[in-house]
Amino acid sequence: MPAAAAPIISSVQKLVLYETRARYFLVGSNHAETKYRVLKIDRTEPKDLVIIDDRHVYTQQEVRELLGRLDLGNRTKMGQKGSSGLFRAVSAFGVVGFVRFLEGYYIVLITKRRKMADIGGHAIYKIEDTNMIYIPNDSVRISHPDEARYLRIFQNVDLSSNFYFSYSYDLSHSLQYNLTVLRMPLEMLKSETTQTRQESFDIFEDEGLITQGGNGVFGISSEPYMKYVWNGELLDIIKNTVHRDWLLYIIHGFCGQSKLLIYGRPVYVTLIARRSSKFAGTRFLKRGANCEGDVANEVETEQILCDASVMSFTAGSYSSYVQVRGSVPLYWSQDISTMMPKPPITLDQADPFAHVAALHFDQMLQRFGSPIIVLNLVKEREKRKHERILSEELVAAVTYLNQFLPPEHTIIYIPWDMAKYTKSKLCNVLDRLNVIAESVVKKTGFFVNRPDSYCSILRPDEKWNELGGCVIPTGRLQTGVLRTNCVDCLDRTNTAQFMVGKCALAYQLYSLGLIDKPNLQFDTDAVRLFEELYEDHGDTLSLQYGGSQLVHRVKTYRKIAPWTQHSKDIMQTLSRYYSNAFSDADRQDSINLFLGVFHPTEGKPHLWELPTDFYLHHKNTMRLLPTRRSYTYWWTPEVIKHLPLPYDEVICAANLKKLIVKKFHKYEEEIDIHNEFFRPYELSSFDDTFCLAMTSSARDFMPKTVGIDPSPFTVRKPDETGKSVLGNKSNREEAVLQRKTAASAPPPPSEEAVSSSSEDDSGTDREEEGSVSQRSTPVKMTDLGDSAKVTENVVQPMKEVYGINLSDGLSEEDLSIYLRFVQLGQSQHKQDKSSQQFCSRCPDGVIKLTPISAFSQDNIYEVQPPKVDRKSTEIFHAHIQASQGIMQPLGKEDTSMYREYIRNRYL
């Protein structure tokens with residue numbers, strides 16, 4: 001059955017910026033370079049941005065003619081060939097946006113990218129490098145003395161640091177939302193297509209489109225969720241001027257992907273974290289919430305599981321689970337002027353009616369549905385009242401809001417003092433977290449795009465029958481979300497999210513029929529792979545908000561971390577303190593300028609002159625808000641009607657307006673994800689193939705010997721694994737600073753390889769191990785004396801690798817078994833010949849099977865080579881002679897074919 005709808009693939013993936021004295025011409029094409037669009041940017045305006053988009057789709061020949069005419073028309077002397085009038089300035093892969101400080105506008109282009117993940121054939125890229133180009137010509141430029149300083153502040157936001165984009169997959173939405181949109185009823189899509197054509201401002205939008213009845217495919221593109229878009233302000237000035245393919249929205253956070261091999265069946269585990277662009281900032285400078293309900297350090301983490309053997313969104317198996325972290329939704333802050341490691345917590349404003357918390361939870365109900373589960377990991381008992389201030393206020397806010405909600409949709413509050421349990425020797429922190437995770441996943445459920453497998457009926461499980469969420473004919477939907485917080489939402493929160501994600505991963509694998517029970521144990525290849533993803537995820541988010549990597553990891557709470565980890569924890573604590581005390585203020589200014597929270601204006605105080613940015617993030621300090629919500633009916637009425645389903649995924653008029661629906665031909669490039677993924681028009685190399693380079697459970701975690709069970713769900717001993725659970729993850733600081741996530745970074749060395757090596761040596765070993773194959777043996781480091789280290793190759797015996805020693809002679813028993821096998825084969829061969837003779841005598845009513853092979857004799861005993869005709873022999877001899885430098889004269893047919901090719905290609 002053909003797909004009713006497909007995501008629209010952007011036709012602007014490769015860009016070239018051409019320059020003349022008066023104009024910039026930005027030429028964008030799809031990846032196959034068959035369709036082109038052109039933007040004209042005026043360079044004669046000193047402070048205004050003038051962009052013209054003719055909205056016409058050009059062919060390659062038309063673009064060449066256009067550029068040729070522009071080159072000819074902009075030469076200094078007519079007919080002069082020595083100097084060109086059109087210069088190629090830069091090549092790029094997308095437009096981040098346009099920004100202006102005190103002079104003219106700049107254009108920010110993506111010049112380098114790296115593939116980080118693949119979801120259903122849709123590639124997710126990480127920005128590796130950008131280029132910022134000043135648009136106005138030097139002759140009209142009006143210089144300002146503070147322009148250079150604003151430019152440096154803006155560029156302090158490192159766009160090569162964990163910013164991601166995709167040409168066809170909406171990263172600002174969850175997989176559940178994206179696939180729900182694609183499953184809209186056909187009647188809705190047809191009516192929306194008609195409405196889109198009537199309201200479309202693009203006169204070329206439906207050019208060449210012929211109504212094909214059932215052969216057409218609907219292409220759908222949704223508006224991004226602007227809360228998680230980081231270049232929305234940079235694109236706002238051109239949003240209503242240019243075609244939508246020029247608008248490339250980027251997210252900030254984390255993206256990593258690893259491959260879980262289950263007896264050869266590839267399953268991709270993807271982790272995507274979206275950092276909110278609202279009330280964004282650094283650790284001590286952004287705490288609590290603003291007046292609109294946006295909280296600091298708000299990150300939405302989604303784990304996606306997909307069967308990589310089938311790529312299509314419609315035919316493949318996909319599952320996802322979403323959870324959220326964020327600061328406590330209250331008006332609170334910490335004063336860092338005292339230079340204390342733990343500044344005192346102060347409540348800035350009294351909020352007896354929980355107005356800010358109401359706005360925050362209303363946003364969550366609209367996006368995730370109900371129930372909203374709050375897991376509060378803040379301390380509850382302290383000698384000096386510190387974190388407990390937040391716990392008491394949060395309990396009061398949730399209690400107040402719940403008394404007005406319907407009982408079935410109330411906010412579930414789970415307080416748990418994780419620090420207290422960690423210090424206790426009698427309590428296991430992760431066991432308690434596992435109990436909480438089970439109850440949370442049972443309440444929210446998870447998303448899967450296929451009905452329950454038949455194996456769940458054959459092997460019923462009690463936990464599966466108690467699972468919550470919403471069951472629909474096409475699968476399951478996650479309703480509600482877990483919101484985890486501590487004070488910083490870094491170390492404790494990451495461990496809690498890992499345990500919930502591990503529990504959800506077991507249910508996801510069970511729903512796809514990959515395991516027989518929804519339960520995963522520690523020390524298995526699958527959990528180790530997932531744990532490494534979450535550690536990279538936690539380190540990256542911690543660097544962005546706190547200025548250092550994680551201090552306490554999963555191994556710390558399992559109490560199996562090596563003794564060297566304590567010294568690393570101290571160094572991370574010092575690094576975090578230094579960053580918070582000395583560099584966070586500059587980083588906060590850069591984020592405020594990048595996100596458009598602060599706009600430089602002539603005659604007003606500069607960014608570095610402001611004593612605080614409080615009024616920039618709290619709009620009610622500058623003007624009175626038009627309306628104030630009810631203290632009792634604090635939710636949006638439309639949201640409460642559709643609970644437990646999230647209002648954003650409900651099919652209604654308001655949500656349909658956020659969609660762009662267009663009907664395409666069946667094989668149009670804008671919806672052909674097969675061509676976009678496989679790219680049959682270009683030469684591909686296995687060395688550059690992304691799926692072979694990503695972290696794999698079989699290569700990086702499974703033991704190297706064959707005798708051990710290759711299942712990734714088998715519990716391993718530390719000395720059996722390719723990566724020990726106690727392994728020293730060397731050079732992690734350098735790896736994270738270079739933003740090398742688990743999707744593409746080479747695996748760390750084994751425990752055996754680094755057990756006695758220093759950190760510097762282990763870093764070298766990891767680089768060397770990244771290029772060896774799965775069956776290659778590690779390099780063992782041994783200490784000799786004080787500093788001498790001798791390397792030796794550990795050669796495994798043949799019997800251990802292959803299970804048999806081929807150099808030994810066969811035993812009499814094995815030889816007799818082989819002789820019996822040969823006799824059986826000969827008897828079967830005679831039987832085959834007799835059956836062939838019998839079939840030749842069969843009447844006409846019996847079906848005859850005719851071999852289609854070119855070999856006259858083709859079986860396991862003999863093969864008769866086919867005869868080659870004369871023409872094929874001559875072609876082969878000509879090929880051999882050509883390799884020796886002896887060329888055959890071209891015939892008339894070949895000459896005419898070559899002339900036709902030159903005429904079509906270049907003339």
Side-chain angles (χ1 to χ4, degrees), residues 1-13 30-32 34-35 37 55 57 119-123 166-225 243-249 310-318 447 449-450 472-475 477 648-677:
M1 179 178 176
I8 297 178
I9 303 170
S10 173
S11 61
V12 178
Q13 299 188 21
N30 58 355
H31 197 277
T34 56
K35 295 183 178 181
R37 291 183 180 271
R55 305 184 185 279
V57 179
I119 302 176
H122 301 270
S166 176
Y167 298 112
S168 54
Y169 183 81
D170 189 353
L171 287 173
S172 65
H173 284 291
S174 64
L175 179 73
Q176 176 172 314
Y177 176 89
N178 290 332
L179 294 191
T180 301
V181 166
L182 296 181
R183 286 178 171 175
M184 289 176 58
L186 287 177
E187 293 75 15
M188 292 280 188
L189 296 179
K190 290 177 182 177
S191 61
E192 193 64 22
T193 306
T194 307
Q195 183 179 359
T196 304
R197 289 183 187 175
Q198 292 174 353
E199 297 177 356
S200 177
F201 53 82
D202 189 351
I203 60 174
F204 298 101
E205 183 74 23
D206 299 316
E207 183 179 5
L209 183 63
I210 303 173
T211 305
Q212 298 185 9
N215 295 328
V217 177
F218 291 102
I220 296 183
S221 176
S222 60
E223 286 187 6
Y225 192 66
H243 190 271
R244 65 174 181 272
D245 285 350
W246 291 104
L247 305 176
L248 186 65
Y249 295 101
V310 181
M311 186 184 67
S312 167
F313 270 155
T314 53
S317 301
Y318 295 86
F447 169 73
N449 73 329
R450 52 178 280 180
I472 57 176
T474 55
L477 297 178
D648 286 350
E649 298 173 14
V650 174
I651 299 175
C652 60
N655 289 335
L656 289 177
K657 290 180 180 179
K658 300 177 183 178
L659 302 178
I660 298 173
V661 183
K662 182 183 174 185
K663 195 171 185 180
F664 290 91
H665 296 285
K666 192 174 182 180
Y667 300 107
E668 282 282 343
E669 294 176 347
E670 283 89 342
I671 57 167
D672 192 353
I673 193 61
H674 179 274
N675 273 358
E676 178 70 16
F677 179 76

Measuring from [X]:[atom1] to [Y]:[atom2], what's the distance to the nearest 0.5 Å?
X	Y	atom1	atom2	result
Tyr169	His122	OH	NE2	9.0 Å
Arg183	Ile220	CZ	CD1	12.5 Å
Ser10	Leu248	OG	CG	7.0 Å
Ile671	His665	CD1	NE2	9.5 Å
Leu171	Ser166	CG	OG	5.5 Å

Could I get the full list of side-chain hydrogen bond (donor to acceptor under 3.5 Å, both in side chains) partners for [X], not counting sequence neighbours?
X	result
His31	Arg679, Tyr681
Thr180	none
Asn30	Thr34, Glu669

Handout entry: Any donor-acceptor pair under 3.5 Å from Asn449 side chain to Gly316 backbone
Key = yes

Exercise for the section: Tell me yes or no: between the side chains of Arg244 and Ser221, is some donor less than 3.5 Å from an acceptor? Expected result: no

Side-chain contact test, heavy atoms from C-beta onward, threshold under 4.5 Å: evaluate it for [X] versus [Y] and give yes or no.
X	Y	result
Ile8	Phe664	yes
Leu656	Met184	yes
Arg37	Val57	yes

What residues, two or more places apart in sequence or in another chain, satisfy side chain to side chain contact (heavy atoms under 4.5 Å, CB included) together with [X]?
X	answer
Ser222	Asp170, His173, Tyr177, Leu659
Ala653	none
Asp648	Tyr225, Gln366, Arg367, Lys658

Problem - Closest approach of Val650 to Asn655 (non-hydrogen atoms, all atoms of both residues) - result: O-ND2, 2.6 Å

Completion exercise
For Arg55 and His243 the tightest heavy-atom approach is NH1-N, 3.4 Å

Handout entry: Check ion pair Lys662-Glu670 (N to O, under 4.0 angstrom)
Key = no

Fill in the blank from the handout: Across all chains, not counting sequence neighbours, the salt bridge (Lys or Arg N to Asp or Glu O under 4.0 Å) partners of Glu649 are none

Completion exercise
For Tyr318, the ring pair (Phe, Tyr, Trp, His ring centres under 6.0 Å) test, sequence neighbours excluded, returns Phe313

